[in-house]
Amino acid sequence: MENEKYHLECFECGKVVADGYTNACPEGHDSLLRTEYKAKRLRKLSGQGMFNYIDWLPVEEALPTSASPITCRSERLGKELGLKNLYIGFNGYWPEKGAFMKTCTFKELEALPTLQRAKEKSGGKILVVASAGNTSRAFAEVSSATGMPVVAVVPRSSLHRMWTTTENHDNIFLISVDGDYSDAIAVGKEIAKMDGLIEEGGVRNVARRDGMGVVELEAAFSMHELPDYYFQAVGSGTGAIAAWETFGRLIGDGRFGDKMPRIVISQNLPFVPLVSAWQAGRAEIIADKDMKDAEDAIKKMYADVLSTRNPPYSIKGGVYDMLMSTKPLQGLRGRGAEPHSGKMYGITNEECKDAEKLFVGEEGIDLDPAASVAVASLIKAVDDGSVKKDDKILLNITGGGYKRLRADCKMYEIEARMELQPSEHLALDDVEKELREFVRAL
Ligand SMILES: *Cc1c(COP(=O)(O)O)cnc(C)c1O
Ligand SMILES: [Zn+2]
């Protein structure tokens, strides 16, 4: 494996694995695999969108794209909050600032390298992606733009999120499920077992994590150093795990400082399983305690893309490990001993909307509801004194620019090819037949 660009390594046992679209340790550990790249010093190329950072993406070749996160120093919001060093990592459509992600969320950073990795490493299998909408839309957009086929599974209530900015939907097989996000995931799992298809892998897929890590890479090159704090709204926590891994790699690079940023993540009340488990000091999520009345709670959320019911919290290398290991050096800030350093906030709908109004007013671009959760968490951290005015802060705006996009682009709704019942009533034979025809027509 010596000459390979990268290999995979199990967080638990350190076993080295050559990538065959491998998403689990061959020893069977309940652990994430992570990429180890041969290049320790990162190059930034130009003209290739997010693939400017291909050194640290688990693909051999770049896909043609202009999609990339941008980082800009916030003048107005920073001033409003009394923060001198607030940087915004923006994922979405904001052409005035050089942001051209037409799916308007950072899920596009996952979709591009994941589809490419599947093409290179899975032996030509077709990816099955299940999501509450933003992930599936990102994969659909890339599919539509590149012709790489994808099977997307979404809950019926998320169908309105399924559109692309190009008209060709020939290679997208969209399935709507009469249920919620978790039902869609269960259906996706069943379908992915069919011949010629492969499960995309979620948090276990290194292309998804390293793809989202481009937000931190772009920020590091733009800020010339690592931030003191990183703020993000989380559903699964995959993006925050990605940030943690990427900061670690950047520390290894040597040019951006050697201090792991404190990672501050937030969820939207009343559905906040990660906040609930973390604040109780537990390494496990207990459904009866952390997700009581889940269905009702999810219906009340302003940012329902954050409604993941089975986030990778306890898994080795997951959210709990991430929060535990972003501890500052003892006494660094003279704030006394803190039990943990990673931090979580639960944000009410009202706090979201207030934060959104403030952000839109100061920065002039519209937000995905999930991004407003992150903005609200930053406001809370300022209010409770967790961050100080000189701290260097990276605020990950995980999605935005939908309104801006509408002024420039047409949105083509994707029609569902099948409507299915949740797993227990699933008519798999029908699905198989339809999928076979879809594959034949590709
Ligand atoms: C998916 C999503 C998130 C949450 O990301 P996770 O990696 O699941 O924690 C946040 N914001 C937006 C806009 C998203 O689409
Ligand atoms: Zn292992």
Side-chain angles (χ1 to χ4, degrees), residues 8-17 22-34 69 89-93 101 103-111 114 129-139 141 154 158 161 181 185 202-205 208-213 215 230-246 263-268 271-275 301-313 315-319 322-323 344 347 352 356 366-377 395-402:
L8 307 176
E9 241 180 72
C10 175
F11 260 97
E12 176 85 41
C13 69
K15 188 178 173 71
V16 170
V17 189
T22 316
N23 290 332
C25 175
E27 307 291 327
H29 293 124
D30 187 27
S31 166
L32 299 180
L33 299 178
R34 69 168 153 220
F90 183 83
N91 296 279
Y93 190 71
M101 287 161 64
T103 67
C104 297
T105 82
F106 74 161
K107 300 290 194 312
E108 196 164 333
L109 303 175
E110 307 181 72
T114 294
V129 181
S131 86
N134 287 350
T135 303
S136 290
R137 179 174 70 256
F139 278 81
E141 176 85 21
V154 303
S158 295
R161 292 205 182 99
Y181 180 25
I185 287 181
V203 69
R204 294 172 189 268
N205 174 357
R208 281 189 70 163
R209 305 205 308 278
D210 294 357
M212 287 201 286
V215 177
Y230 170 80
F231 282 79
Q232 197 210 302
V234 303
S236 66
T238 306
I241 296 167
W244 169 50
E245 290 178 80
T246 305
I263 294 180
V264 184
I265 54 183
S266 46
Q267 296 200 289
N268 186 189
F271 187 75
V272 293
L274 292 168
V275 181
M301 293 169 84
Y302 182 56
D304 68 344
V305 296
L306 303 178
S307 66
T308 315
R309 284 195 207 214
N310 47 0
Y313 182 64
I315 188 174
K316 187 80 191 151
V319 174
M322 180 270 289
L323 288 169
M344 287 212 65
I347 304 294
C352 287
E356 184 166 355
D366 60 288
L367 291 181
D368 188 285
S372 69
V373 173
V375 177
S377 73
L395 170 63
N396 189 343
I397 296 297
T398 48
Y402 298 95

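Only this structure's heavy atoms are used, side chains among them; waters, hydrogens and symmetry mates stay out. Whatever order the structure lists them in is the order used to number ligands and atoms, beginning at 1. A quick note: this is a predicted structure, and the numbers were derived from the prediction, not measured.
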Out of all atoms in ligand 1, which are within 4.0 Å of some heavy atom of [X]? Include the element for each.
X    : answer
A233 : 4 (C), 10 (C)
A370 : 10 (C), 11 (N), 12 (C), 13 (C)
G237 : 6 (P), 8 (O), 9 (O)
V234 : 9 (O)

Contact partition for [X] relative to ligand 1, non-hydrogen atoms under 4.0 Å:
X    : result
D368 : side chain
T398 : both
S236 : both
L306 : side chain

Salt bridge flag under 4.0 Å for residues E12 and K316: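 A salt bridge is absent here (no side-chain N lies under 4.0 Å from a carboxylate O).
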
Salt bridge E245-R209, side-chain N to carboxylate O under 4.0 Å: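 Salt bridge present between E245 and R209.
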
Sub-4.0 Å heavy-atom contact, A371 with ligand 1: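 Contact absent.
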
V375 vs I397, side chain to side chain contact (heavy atoms under 4.5 Å, CB included): CA-CA, chis, key distance, verdict: CA-CA 8 Å; V375 177; I397 296 297; 3.7 Å; yes

F90 vs M101, side chain to side chain contact (heavy atoms under 4.5 Å, CB included): CA-CA, chis, key distance, verdict: CA-CA 10 Å; F90 183 83; M101 287 161 64; over 6 Å; no

Any donor-acceptor N or O pair under 3.5 Å, side chains T103, E141: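 No donor-acceptor contact under 3.5 Å links the two side chains.
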
Residues Y402 and D366: side-chain donor-acceptor under 3.5 angstrom: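 No, no side-chain donor-acceptor pair sits under 3.5 Å.
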
Shortest non-hydrogen contact between A233 and L306, atoms and distance: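 Looking at all heavy atoms of both residues, the closest pair is CB-CD1, 4.0 Å.
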
Shortest non-hydrogen contact between M322 and A240, atoms and distance: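 Closest heavy-atom pair between M322 and A240: CE-CB, 3.7 Å.
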
Criterion side chain to side chain contact (heavy atoms under 4.5 Å, CB included) on T398 and T105, from CA distance to verdict: CA-CA 6 Å; T398 48; T105 82; 6.0 Å; no

Under 2.8 Å from the Zn ion (ligand 2) - protein N/O/S, by chain and number: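 As for protein N, O or S atoms lying under 2.8 Å from the Zn ion (ligand 2), they are C10 SG, C13 SG, C25 SG, H29 ND1.
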
Interatomic spacing from NZ in K107 to CZ in R208 - rounded to 0.5 Å: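 Output value for this atom pair is 7.0 Å.
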
CA sep, side-chain torsions, deciding dist, call: F139, S131, side chain to side chain contact (heavy atoms under 4.5 Å, CB included): CA-CA 10 Å; F139 278 81; S131 86; over 6 Å; no

Please state which protein non-hydrogen atom is closest to [atom] and give its distance, to 0.1 Å?
atom                    : answer
atom 14 (C) of ligand 1 : K107 NZ, 2.8 Å
atom 5 (O) of ligand 1  : F106 CZ, 3.5 Å
atom 7 (O) of ligand 1  : G239 N, 2.9 Å

Any N or O of T308 closer than 3.5 Å to N or O of ligand 1: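 No; the residue has no nitrogen or oxygen that sits under 3.5 Å from a nitrogen or oxygen of the ligand.
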
Partners meeting side chain to side chain contact (heavy atoms under 4.5 Å, CB included) with V305 (sequence neighbours left out):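 With sequence neighbours excluded, V305 shows a side chain to side chain contact (heavy atoms under 4.5 Å, CB included) to N134, R161, D368, A370, given in chain and number order.
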
